[in-house]
Amino acid sequence: MAENHDHHEHGPDCNHAPKTGIKTARNIIAIASGKGGVGKSTVTVNLAVALQATGANVGILDADIYGPSQPGMMGAKADAVESEGNLIVPTERFGVKMVSMGLLLGPDREDTPVIWRAPMAVKILNQFISGVAWGDLDYLLIDLPPGTGDVQLTLAQQASLSGAVIVTTPQQVALGIAKKGLRMFQQVNVPILGIVENMSGYTCGHCGELTDLFPSGGGETMAKELKVPFLGKVPMDSAILAAGDAGVPVVSRDPGGKPAQAFLVLARELQMKLLQFNKTGNAEPEKVELNGTGQLFIRWSDGHHGLHRPWTLRTRCA
Ligand code: ADP
């Protein structure tokens with residue numbers, strides 16, 4: 001684990017569990033949106049690379065069977081897919097592992113429509129859920145197709161989600177539809193880890209000034225109204241679009257730039273929220289020690305253990 005990464009294990013035996021199937025991932029997070037085009041896939045890839053930059057092992061499961069966009073945004077080639085017996089070996093890009101229908105379609109994926117009925121799509125998703133050799137993952141991000149249909153429900157119910165992140169743009173129409181997605185998760189008891197407001201204002205490519213195209217802050221207001229966390233805002237920035245088109249997430253292409261910073265803040269907020277949601281009820285700390293990298297190792301009486309930065313503990317436990 002890297003220095004600034006806080007994590008929890010799901011119990012004392014997890015190191016011996018077979019590293020296949022998504023249930024071995026410590027945190028499984030659905031990235032969802034009410035409608036398409038709000039930047040859900042862009043947020044997923046950049047969040048993944050930002051989490052990986054904290055030293056975590058990260059995977060992306062592209063659950064958009066009919067319109068997979070992860071391979072394009074991650075610059076992944078279809079011929080890179082390998083298998084190990086019955087298991088799919090995830091493709092690795094920018095230190096992040098991924099599986100996507102787009103990678104299984106072959107090199108002509110851009111022009112190949114996926115024409116399947118829902119049961120077939122659900123079958124493929126089940127293969128993605130249980131038949132992938134992920135190895136040791138701290139975070140698995142599931143890029144859900146937009147909406148609240150069969151695929152979304154299957155995943156919400158079968159994927160043992162730690163929680164969901166809802167991506168929206170600030171316009172009223174997008175917010176209204178995002179609320180429906182949010183309620184779907186609440187109905188199946190999946191915690192909402194937070195709302196991300198994407199395309200929140202426009203950053204001028206020449207002077208860097210931020211201008212609100214739509215009234216900004218809608219995502220934050222919605223979070224307050226629905227009493228769910230707000231994770232942060234990402235402006236509309238041509239660098240984000242250009243990086244996505246080039247198949248290199250902007251966090252990797254220009255880690256010091258403003259767009260990358262917005263995603264790094266989101267990743268940090270998400271880690272905090274997971275820490276809060278994973279908190280261990282009434283368990284007592286059994287062992288606490290400072291390791292060589294300045295992090296605190298804590299093992300709890302119920303078997304959970306984790307590494308924490310002292311700064312995080314100070315701010316969380318004040
Ligand atoms: P979704 O997954 O919600 O359908 P995408 O992530 O595919 O949306 O984004 C749609 C388009 O908008 C893509 O071309 C992407 O590069 C672009 N885009 C997304 N977010 C931003 C942003 N913050 N700034 C500029 N372009 C963006």
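When a ligand or atom number is given, it counts from 1 through the structure's own listing order. Since the structure is predicted, the reported quantities are computational estimates derived from the model, not experimental observations. By convention here, the first residue in the shown sequence is residue 1. All heavy atoms count here, side chains included; hydrogens, waters and symmetry mates do not.
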Identify the closest protein heavy atom to [atom]: which residue and atom is it, and at what distance?
atom                    : result
atom 19 (C) of ligand 1 : T42 OG1, 3.4 Å
atom 20 (N) of ligand 1 : N198 ND2, 2.9 Å
atom 4 (O) of ligand 1  : G37 N, 2.8 Å
atom 26 (N) of ligand 1 : L241 CB, 3.6 Å

Hey, are [Y] and [X] close enough side-chain-wise for a donor-acceptor pair under 3.5 Å?
X    : Y    : value
Q52  : Y139 : no
Q186 : R183 : no
S41  : D143 : yes
E197 : T168 : no

Query raised in the report: Has ligand 1 got any nitrogen or oxygen that is less than 3.5 angstrom from a nitrogen or oxygen of D237?
Result: yes
Query raised in the report: G244 to ligand 1: N or O pair under 3.5 Å?
Result: no
Query raised in the report: Of the choices A243, P259, A239, S41, which has the non-hydrogen atom that lies closest to atom 2 (O) of ligand 1?
Result: S41
Requested in this report: Return the option from G39, G72, P235, G36 holding the heavy atom at the smallest distance from atom 23 (N) of ligand 1.
Outcome: P235
Query raised in the report: Could you give all pairs that pass the side-chain hydrogen bond (donor to acceptor under 3.5 Å, both in side chains) test and reach residues 240-249, with sequence neighbours left out?
Result: none
Is it true that a side-chain atom of [X] and a backbone atom of [Y] form a donor plus acceptor pair closer than 3.5 Å?
X    : Y    : answer
Q70  : G102 : no
N57  : D138 : no
S252 : V248 : no

Going by the atom numbers of ligand 1, which of them fall below 4.0 Å from some non-hydrogen atom of [X]?
X    : result
M73  : 5 (P), 6 (O), 7 (O)
M199 : 12 (O), 18 (N), 19 (C), 20 (N)
K40  : 1 (P), 2 (O), 3 (O), 6 (O), 8 (O)

Query raised in the report: Where's the contact between S69 and ligand 1, heavy-atom distance under 4.0 Å: side chain, backbone, both or neither?
Result: neither
Query raised in the report: Which one holds for P146 and ligand 1: side chain close, backbone close, both close, or neither close, with close meaning a heavy atom under 4.0 Å?
Result: neither
**Report entry** Within-cutoff protein neighbour (heavy atom, under 4.0 Å) for atom 15 (C) of ligand 1
**Finding:** yes
Query raised in the report: Roughly how far, to the nearest 0.5 Å, is NZ of K77 from OG1 of T91?
Result: 11.5 Å
